[in-house]
Structures are given as structure tokens and as C-alpha cells.
**Q** 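The structure that follows is given in the form of C-alpha cells.
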Amino acid sequence: MMAHMSKFWLMKSEPGVYSIEDLKKDGNTHWEGVRNYQARNLMRDEMKVGDAVLFYHSNATPTGVAGLARVSREAYPDFTCWDSQSRYFDPKSTESEPRWVMVDIEFVEAFDRIVTLEEIRTESALSSMPLVNRSRLSVQPVTRKEFEMIVQMGRNG
DNA sequence: GCCAACGTTGGC
DNA sequence: GCCAACGTTGGC
């Protein structure tokens, strides 16, 4: 038996689709549309209510961590995969055997400034984050040290 | 908009 | 089970 260890995550969103400001307005949202097995497994097997999330803006100017969120509901089936009108529709996922899951997250704070990918790359204490060398993984584990450092950078301008 | 990296699919 | 073709992500 192992205690739940990893309490820190980074989750990517294109701000044109859903930004930290959208989350601030909504307060809470379901994280639909993850269609990558590794990311799914992390959400399904590892994420717990209360875990802290770095909210990352991808495909943005600038790209980087924009704020904080918190896991508010553990993994459950991603219903958008059953909706043929959805961009996330997946005909291989059935209601009896859902292939994809989502979690819910709630807004915590928007940073004073974006902590950019460029800064993260050049900061040696952060350069081993998956963000830097596994750039396509949309849900990533983050260590406490990395998390705290990025929060401090985001708050201190 | 381009394109490199990389994940997924499907034929064999 | 391999691997070529294809599709997607995401930085720039």
C-alpha cells in the first residue's frame, strides 16, 4: 500500500479554447477532451481531490503557466466522447466501456503574470520538467519544488 | 502558417 | 509485433 504522493500537476489548455480567465468566471469546470493514454492514466489513477494544478496556456502568446487550480472531482467518464457533434467524439468509446475520463477542477488564482516556457527552460531547477522535454503531454506531474518555484515567480512579477 | 516531434492506426 | 503512414500537438 502506498500513500498518494504526487499532489502537483500541470494541465495545458489553449486559451483561445479555455483560459484561466474562463475558469475564473466559471469557478469550476470539467476537463474534457484529453485523448492521450498517458495523460488519461494520470487523471484516472493518480489525481485526487485537492491536488494542486498549474494552469498552462499552450499555443498562446506568450505560452506559459497562467495560474492555479485545484482538483475538485476525481476521474469519471468523459461524456464528450459520446457526442457525435463534439470535436472530442470518439466512436470507439462506449457507455459501458468508456475509453476516456475527465476530472473537474476549480479556480484558485490567476497569476500576476505568465510564467513563460522560456523562463522555465532557462531556470535550471525547472529544466527537468516534462514540459521541457516531453512537450506534448497535456497532463503532467510536477514536483513540490517545481510547483512552489513557479507559484513564486507568477506572484512576484 | 509551418513543421518537428511524437502518438496512434492498421496492414502485413 | 513491426513499422510505415498518418494525424495531432504545440512552439515558433
Side-chain angles (χ1 to χ4, degrees), chain A residues 6 8-26 29-47 51-71 75-105 107-143 145-147 149-157:
Chain A
S6 184
F8 304 94
W9 305 96
L10 179 145
M11 297 172 87
K12 294 180 187 175
S13 184
E14 298 187 27
V17 177
Y18 198 85
S19 70
I20 189 75
E21 292 304 319
D22 292 320
L23 182 60
K24 183 176 186 176
K25 180 156 43 82
D26 294 344
T29 195
H30 49 256
W31 201 258
E32 81 270 19
V34 171
R35 296 292 180 270
N36 168 282
Y37 289 104
Q38 199 179 351
R40 178 203 66 182
N41 294 348
L42 289 170
M43 291 199 298
R44 187 189 60 192
D45 304 334
E46 308 281 342
M47 276 194 182
D51 282 4
V53 176
L54 298 170
F55 193 108
Y56 180 87
H57 283 175
S58 62
N59 265 314
T61 310
T63 153
V65 180
L68 300 180
R70 185 186 298 119
V71 176
Y76 59 105
D78 180 343
F79 51 78
T80 63
C81 65
W82 300 321
D83 174 5
S84 62
Q85 302 308 305
S86 170
R87 64 177 288 210
Y88 301 123
F89 177 60
D90 180 357
K92 291 175 183 160
S93 182
T94 63
E95 302 220 11
S96 56
E97 278 186 78
R99 175 175 294 206
W100 305 111
V101 302
M102 56 185 162
V103 297
D104 287 358
I105 64 170
F107 176 78
V108 174
E109 71 177 78
F111 285 163
D112 299 327
R113 67 180 191 91
I114 304 280
V115 179
T116 66
L117 177 60
E118 189 182 11
E119 289 174 81
I120 291 169
R121 275 223 179 89
T122 52
E123 171 55 60
S124 62
L126 301 175
S127 61
S128 61
M129 290 180 70
L131 193 61
V132 176
N133 39 36
R134 297 279 331 279
S135 63
R136 294 187 54 189
L137 190 59
S138 63
V139 175
Q140 315 186 345
V142 173
T143 68
K145 274 178 77 173
E146 291 161 348
F147 180 86
M149 186 164 191
I150 288 173
V151 169
Q152 194 174 11
M153 291 161 81
R155 285 174 181 163
N156 290 345

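Proteins come first, then strands; the chains are lettered A, B, ... in the order of their sequence lines, and each starts at number 1. All values below come from the heavy atoms of this structure, side chains included, with hydrogens, waters and symmetry mates left out.
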**Q** Could you check how far CZ of A:Arg87 sits from P of C:dT8, rounded to whole Å?
**A**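 Taking atom P of C:dT8 as the reference, CZ of A:Arg87 is at 10 Å.
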**Q** Distance-only, no hydrogens or angles: does the A:Arg70 side chain make a donor-acceptor pair with backbone N or O of A:Val108 under 3.5 Å?
**A**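 No, A:Arg70 side chain to A:Val108 backbone: no donor-acceptor pair under 3.5 Å.
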**Q** Please state how far atom CG in A:Asn133 lies from atom P in B:dG7, giving the value in whole angstrom units.
**A**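 So the two atoms are 12 Å apart, to the nearest Å.
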**Q** How far apart are the closest heavy atoms of A:Met11 and A:Val103, and which atoms are they?
**A**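 In terms of heavy atoms, the two residues are closest at CE-CG2, 4.1 Å.
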**Q** Using whole Å, report how far CG of A:Leu137 lies from C1' of C:dT8.
**A**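 In whole Å, C:dT8 C1' lies 14 Å from A:Leu137 CG.
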**Q** Starting at the 5' end of DNA chain C, which residue's closest nucleotide do you reach first, A:Gly33 or A:Glu118?
**A**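 That would be A:Gly33.
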**Q** Both A:Asn59 and A:Arg35 contact DNA chain B. Taking the nearest nucleotide for each, which residue is further toward the 5' end?
**A**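 Looking at DNA chain B, the more 5' nearest nucleotide goes with A:Asn59.
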**Q** Are side-chain heavy atoms of A:Tyr56 and A:Thr63 found at a separation under 4.5 Å?
**A**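 Yes - at least one pair of side-chain heavy atoms lies under 4.5 Å apart.
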**Q** Heavy atoms only, 4.0 Å cut-off, all strands: where does A:Arg134 land among base, sugar-phosphate and nothing?
**A**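 Here A:Arg134 touches the backbone only, sparing every base.
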**Q** Rounded to whole angstrom units, what separation is found between the CD atom of A:Glu14 and the C1' atom of C:dC12?
**A**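 Nearest whole value for this atom pair: 14 Å.
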**Q** Between A:Asn36 and A:Lys92, which is nearer to the 5' end of DNA chain B once each is assigned its nearest nucleotide?
**A**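 On the 5' side of the pair lies A:Asn36.
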**Q** For A:Gln38 and B:dT8, what is the distance between atoms CD and C1' respectively, to the nearest whole Å?
**A**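 Value for this atom pair: 14 Å.
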**Q** Please determine whether a side-chain nitrogen or oxygen atom of A:Lys12 lies at a distance below 4.0 Å from atom OP1 or OP2 of C:dT9.
**A**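 No, because none of the side-chain N or O atoms of A:Lys12 sits under 4.0 Å from OP1 or OP2 of C:dT9.
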**Q** Of the options B:dG7, B:dT9, C:dG10, whose atoms approach the side-chain atoms of A:Ser58 most closely?
**A**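 Within the option list, the nearest is C:dG10.
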**Q** In whole angstrom, what separates A:His57's NE2 from C:dT9's C1'?
**A**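 My rounded result for the distance is 17 Å.
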**Q** OP1 or OP2 of B:dC6 versus the side-chain N and O atoms of A:Tyr37: is any pair under 4.0 Å?
**A**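 Answer no for this pair, as no side-chain N or O of A:Tyr37 is under 4.0 Å from OP1 or OP2.
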**Q** Let me know the distance between CZ of A:Arg40 and P of C:dT8, rounded to the nearest Å.
**A**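 For the pair A:Arg40 CZ and C:dT8 P, the rounded distance is 19 Å.
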**Q** Are any non-hydrogen side-chain atoms of A:Thr80 and A:Trp100 less than 4.5 angstrom apart?
**A**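 In short, these two side chains do not touch, never coming nearer than 4.5 Å.
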**Q** Can a side-chain donor-acceptor contact be found between A:Tyr37 and A:Arg44 if the only test is distance below 3.5 angstrom?
**A**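 Side-chain D/A pair, A:Arg44 to A:Tyr37: absent.
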**Q** Among C:dC12, B:dC6, B:dG10, which is the nearest nucleotide to the side chain of A:Arg136?
**A**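 The answer is B:dC6.
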**Q** In whole Å, what is the span from the CZ atom of A:Arg121 to the C1' atom of C:dG11?
**A**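 It is 7 Å, rounded to the nearest whole Å.
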